[in-house]
A.B. asks: 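So that we are looking at the same thing, I have put the structure below in structure tokens.
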Amino acid sequence: MSDYNFKEFMSRPDRLTPGHRMCAGCGGTIALRNVLKAVKPEDNAVICNATCCMEVSTFTYPYSAWTDSYIHNAFENAAATAGGVEAAYNSLKKQGKLDDNYKFIAVGGDGGTYDIGFQSLSGAMERNHDMVYVCYDNEAYMNTGIQRSSATPMFADTTTTPAGKCSAGKPQNRKDITEVIAAHRVPYVAQTTFLNNFSDLHKKAEKAIYTKGACFLTVLAPCPRGWRYETEDIMEVTKAAVETCFWPMYEVENGEKWTLTYEPKQKLPVEEFLAMQGRFKHLFKKGNEDKIAALQAEVDRRWESLLRKAEMSAKL
């Protein structure tokens, strides 16, 4: 990317403005506000937003918190809509009917990305539309009542996988959507969150937006209601996710070059991340030590796999 300047980035006008109805301490709005900072001031954007917390709370007709062109999509078709708009834009450009530069950004939560919208997303990635899909990942269907999604971690307490005498929470491991999209061999895929003054998020967002072809960003975006943490602790929660390697920070170019963009100096045990959230409090009751160990084993397995891929890429 171009020379990164935090002050210059943050001095750019907000494309997702204050006054929306998202919760205090919500990671989704932090994620999208900073992603959109990467669109250069001289460029325009079209936002295609799947039904989710972000849509219902930032766009209540006739009011909008978005300064760019905005399309509310059904849950399942944000990526298809963005691809269609990008194709129409290319046609108008070719006909000489449009001179302005536009960037096309589809937005969805994990429910609309990992699950309901996956077919649409996979198709748009395979067709290699010049667009970016941004998943703000809060690890459950938060808008409709904190139901589990395939992004929900194992043993998390949700309204459809309640922890109690008969259940320890969600029984399955979470899907790794970043690796799934990397397998499409698109030009650029990255995983990030709020760390080190947002520099990693800013750099990856700019790289995605200004890389030709289909690009994908997964941003860990904690939800205070679903994760049950104090709103002011959001930055500490995301930091713990990264320092325990629960949420690795990396990028993949053309499905081949895997690069770690942050590696903890000392990898912390996963319980330091779990202990900060009410959705995992049942794991700290006596007799559940094996469940924390199982989560730790899964984190370790995925981290070691990522390290091997990065090491192999460095040798190419």
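Each residue takes its place number in the sequence, starting with 1.
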A.B. asks: Do Phe6 and Val219 land in one hydrophobic cluster if side-chain heavy atoms of ILVMFWY residues count as linked below 4.5 Å?
C.D. replies: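 Phe6 and Val219: separate clusters.
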A.B. asks: Crowded around Arg127 CZ? As in, over 12 foreign heavy atoms under 6.0 Å?
C.D. replies: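 Yes, the 6.0 Å shell around CZ holds more than 12 heavy atoms from other groups.
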A.B. asks: Thr211 and Asp130: which non-hydrogen atoms are nearest, and at how many Å?
C.D. replies: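 It is O-OD1, 3.7 Å.
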A.B. asks: Any side-chain heavy atom of Phe216 within less than 4.5 Å of one from Thr218?
C.D. replies: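 Yes. Closest side-chain heavy atoms under 4.5 Å.
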A.B. asks: Measure the CG-CE distance between Asn49 and Met54 for me, rounded to the nearest 0.5 Å.
C.D. replies: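 If I round to the nearest 0.5 Å, the distance is 7.0 Å.
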A.B. asks: Using side-chain hydrogen bond (donor to acceptor under 3.5 Å, both in side chains) as the criterion, list what pairs up with Asn34, not counting sequence neighbours.
C.D. replies: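 By the side-chain hydrogen bond (donor to acceptor under 3.5 Å, both in side chains) rule, Asn34 matches His202.
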A.B. asks: Under the side-chain hydrogen bond (donor to acceptor under 3.5 Å, both in side chains) definition, can you give me all pairs with a residue in residues 164-173, not counting sequence neighbours?
C.D. replies: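 Sorted result for residues 164-173: Arg148-Gln172.
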A.B. asks: Can you check whether Val242 reaches Met249 side chain to side chain, under 4.5 Å on heavy atoms?
C.D. replies: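 Yes, their side chains come closer than 4.5 Å.
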A.B. asks: Short question: side chain of Asn5, backbone of Glu8 - any donor-acceptor pair under 3.5 Å?
C.D. replies: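 Side chain of Asn5 to backbone of Glu8: a pair is present.
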A.B. asks: Enumerate the ring pair (Phe, Tyr, Trp, His ring centres under 6.0 Å) contacts for residues 79-113, please, sequence neighbours excluded, ordered by first and then second residue.
C.D. replies: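 As it turns out, the ring pair (Phe, Tyr, Trp, His ring centres under 6.0 Å) pairs with a partner in residues 79-113, which skip direct neighbours, are Tyr89-Tyr102, Tyr89-Phe104.
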A.B. asks: Are the side chains of Tyr210 and Lys40 in touch, meaning some heavy atoms are under 4.5 Å apart?
C.D. replies: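 In short, these two side chains touch, coming nearer than 4.5 Å.
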A.B. asks: Find out whether Ser91 and Gln95 are in side-chain contact, i.e. whether some heavy atom of one side chain is under 4.5 Å from a heavy atom of the other.
C.D. replies: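 A side-chain contact under 4.5 Å exists here.
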A.B. asks: Which value, rounded to the nearest 0.5 Å, describes the distance between Ser149 atom OG and Lys175 atom NZ?
C.D. replies: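 Interatomic distance, Ser149 OG to Lys175 NZ, rounded to 0.5 Å: 8.5 Å.
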A.B. asks: Show me the pairs that pass ring pair (Phe, Tyr, Trp, His ring centres under 6.0 Å) and involve residues 29-59, at least two apart or across chains.
C.D. replies: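 Of all non-adjacent pairs touching residues 29-59, those that pass ring pair (Phe, Tyr, Trp, His ring centres under 6.0 Å) are Phe59-Tyr70.
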A.B. asks: Tell me who clusters with Ile116, hydrophobic residues only, linked when side chains sit under 4.5 Å apart either directly or through other members.
C.D. replies: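 Grouped by the 4.5 Å side-chain rule, Phe75, Tyr141 form the rest of the cluster around Ile116.
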A.B. asks: Is any side-chain heavy atom of Ile105 closer than 4.5 Å to a side-chain heavy atom of Val39?
C.D. replies: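 The answer is yes, as the side chains (C-beta and beyond) meet within the 4.5 Å cut-off.
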A.B. asks: Determine whether Lys207 and Lys204 make a side-chain contact, defined as any pair of heavy atoms from C-beta on separated by less than 4.5 Å.
C.D. replies: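 When only atoms from C-beta onward are counted, Lys204 and Lys207 do not touch, as no gap falls below 4.5 Å.
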A.B. asks: What pair of heavy atoms forms the shortest contact from Cys215 to Ala208, and how long is it?
C.D. replies: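 Smallest heavy-atom distance, with atoms named: SG-O, 3.4 Å.
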A.B. asks: Nearest heavy-atom pair of Thr231 and Pro224: which atoms, and what distance?
C.D. replies: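 Thr231 and Pro224 have their closest heavy atoms at CG2-CB, 4.2 Å.
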A.B. asks: Taking all non-hydrogen atoms of both residues, which atom of Leu16 and which atom of Leu32 are closest, and how far apart?
C.D. replies: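 Residues Leu16 and Leu32, closest heavy atoms: CD2-CB, 3.9 Å.
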A.B. asks: Can you list every pair that meets salt bridge (charged side-chain N to carboxylate O under 4.0 Å, His left out) and has a residue in residues 272-297, with sequence neighbours left out?
C.D. replies: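 Matches after skipping sequence neighbours: Glu139-Arg279.
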A.B. asks: How far apart are the C-alpha atoms of Tyr133 and Thr113, what are their side-chain angles, what is the distance that settles it, and do they pass the side-chain contact (heavy atoms from CB on, under 4.5 Å) test?
C.D. replies: CA-CA 9 Å; Tyr133 190 103; Thr113 304; 2.8 Å; yes
A.B. asks: Can you check whether Lys267's main-chain N or O pairs, donor with acceptor, with Trp303's side chain at less than 3.5 Å?
C.D. replies: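 Flag not set: sc Trp303 to bb Lys267 has no pair under 3.5 Å.
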A.B. asks: Between the main-chain N or O of Asp99 and the side-chain N or O of Lys93, is there a donor-acceptor pair closer than 3.5 Å?
C.D. replies: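 Side chain of Lys93 to backbone of Asp99, a donor-acceptor pair under 3.5 Å: yes, one is there.
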A.B. asks: Under the side-chain hydrogen bond (donor to acceptor under 3.5 Å, both in side chains) rule, collect the residues that match up with Thr58, sequence neighbours excluded.
C.D. replies: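 Checked Thr58 against side-chain hydrogen bond (donor to acceptor under 3.5 Å, both in side chains); matches are Trp66.
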A.B. asks: Do Tyr229 and Pro222 touch side chain to side chain, with heavy atoms closer than 4.5 Å?
C.D. replies: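 Yes. Closest side-chain heavy atoms under 4.5 Å.
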A.B. asks: Only pairs at least two apart or in different chains count here, so list each side-chain hydrogen bond (donor to acceptor under 3.5 Å, both in side chains) that has a residue in residues 307-316.
C.D. replies: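 side-chain hydrogen bond (donor to acceptor under 3.5 Å, both in side chains) check on residues 307-316 returns Glu179-Lys309.
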A.B. asks: Does Ile30 form a side-chain contact (heavy atoms from CB on, under 4.5 Å) with Phe198? I'd like the steps, not just the answer.
C.D. replies: CA-CA 10 Å; Ile30 297 173; Phe198 299 101; 3.5 Å; yes
A.B. asks: Output all residues satisfying side-chain contact (heavy atoms from CB on, under 4.5 Å) with Arg185, sequence neighbours left out; order by chain, then residue number.
C.D. replies: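 Arg185 satisfies side-chain contact (heavy atoms from CB on, under 4.5 Å) with Glu256 only.
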A.B. asks: Donor-acceptor check, side chain of Thr158 to backbone of Thr161, threshold 3.5 angstrom: yes or no?
C.D. replies: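 Flag set: sc Thr158 to bb Thr161 pair under 3.5 Å.
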A.B. asks: Output yes when a side-chain donor or acceptor of Tyr4 lies under 3.5 Å from a complementary backbone atom of Phe9, and no otherwise.
C.D. replies: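 No; zero donor-acceptor contacts below 3.5 Å.
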A.B. asks: Could you tell me the separation between the CG atom of Leu121 and the CD atom of Glu76, rounded to the nearest 0.5 Å?
C.D. replies: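 Those atoms lie 13.0 Å apart.
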A.B. asks: Which pairs would a plain distance check flag for residues 188-195, meaning a side-chain donor or acceptor within less than 3.5 Å of a matching protein atom at least two apart in sequence or in another chain?
C.D. replies:
| from | atom 1 | to | atom 2 | distance (Å) |
| --- | --- | --- | --- | --- |
| Tyr188 | OH | Glu251 | OE1 | 2.5 |
| Gln191 | OE1 | Thr178 | OG1 | 2.6 |
| Gln191 | NE2 | Pro248 | O | 2.9 |
| Thr192 | OG1 | Asp200 | OD2 | 2.7 |
| Thr193 | OG1 | Leu220 | O | 2.9 |

A.B. asks: Please answer whether the main-chain N or O of Ala240 pairs with a side-chain N or O of Thr244 as donor and acceptor at a distance below 3.5 Å.
C.D. replies: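 Yes.
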A.B. asks: Which value, rounded to the nearest 0.5 Å, describes the distance between Leu217 atom CG and Leu201 atom CG?
C.D. replies: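 Between atom CG of Leu217 and atom CG of Leu201 there are 7.5 Å.
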A.B. asks: Got a sec, which residues hit side-chain hydrogen bond (donor to acceptor under 3.5 Å, both in side chains) with Trp247, two or more places apart in sequence or on another chain?
C.D. replies: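 None.
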A.B. asks: Dump the intermediate steps for side-chain hydrogen bond (donor to acceptor under 3.5 Å, both in side chains) on His184 and Ser122, then the final yes or no.
C.D. replies: CA-CA 8 Å; His184 288 64; Ser122 180; 2.7 Å; yes
A.B. asks: Linking I/L/V/M/F/W/Y whenever any side-chain heavy atoms sit under 4.5 Å apart, do Leu307 and Val252 land together?
C.D. replies: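 Cluster IDs for Leu307 and Val252 match.
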A.B. asks: Step by step, work out the side-chain contact (heavy atoms from CB on, under 4.5 Å) result for Lys239 and Phe273.
C.D. replies: CA-CA 9 Å; Lys239 182 179 179 181; Phe273 171 63; over 6 Å; no
A.B. asks: Using the side-chain hydrogen bond (donor to acceptor under 3.5 Å, both in side chains) criterion, which residues pair with Asp14? Sequence neighbours excluded.
C.D. replies: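 For Asp14, the residues satisfying side-chain hydrogen bond (donor to acceptor under 3.5 Å, both in side chains) (neighbours in sequence not counted) are Arg33, Lys37.
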A.B. asks: Is there a salt bridge (Lys or Arg N to Asp or Glu O under 4.0 Å) between Asp68 and Arg15 once you walk through the steps?
C.D. replies: CA-CA 7 Å; Asp68 290 291; Arg15 291 171 182 264; 2.8 Å; yes
A.B. asks: Is the backbone of Thr159 close enough, under 3.5 Å, to the side chain of Gln147 for a donor and an acceptor to pair up by distance?
C.D. replies: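 A pair under 3.5 Å: no.
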A.B. asks: Mind checking the CG-CG spacing from Asp110 to Asp115? Nearest 0.5 Å is all I need.
C.D. replies: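 With rounding to 0.5 Å, CG (Asp110) is 7.5 Å from CG (Asp115).
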A.B. asks: Please tell me whether Leu268 and Trp227 are part of a single hydrophobic cluster in this structure, the criterion being side-chain heavy atoms less than 4.5 Å apart.
C.D. replies: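 Different hydrophobic clusters.
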A.B. asks: Work out which heavy atom in Ile209 is nearest to a heavy atom in Val35; give both atom names and the distance.
C.D. replies: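 So the two residues come closest at CD1-O, 3.8 Å.
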A.B. asks: Could you pull out the closest heavy-atom pair between Ala79 and Ser120, with the gap in Å?
C.D. replies: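 That would be CB-OG, 3.5 Å.
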A.B. asks: Could you grab the distance from atom CE of Met312 to atom NZ of Lys257, nearest 0.5 Å is fine?
C.D. replies: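 The NZ atom of Lys257 is 15.0 Å from CE of Met312, to the nearest 0.5 Å.
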A.B. asks: Taking the side chain as everything from C-beta on, heavy atoms only, tell me whether Arg174 gets closer than 4.5 Å to Arg302.
C.D. replies: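 The answer is yes; the side chains approach within 4.5 Å.
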A.B. asks: What verdict does the side-chain contact (heavy atoms from CB on, under 4.5 Å) test give for Val56 and Arg21, after you've listed the backbone C-alpha separation in whole Å, the side-chain angles of each residue and the deciding distance to 0.1 Å?
C.D. replies: CA-CA 8 Å; Val56 301; Arg21 295 170 175 84; over 6 Å; no
A.B. asks: Between the main-chain N or O of Asp43 and the side-chain N or O of Asn101, is there a donor-acceptor pair closer than 3.5 Å?
C.D. replies: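 Between the backbone of Asp43 and the side chain of Asn101 there is no qualifying donor-acceptor contact (under 3.5 Å).
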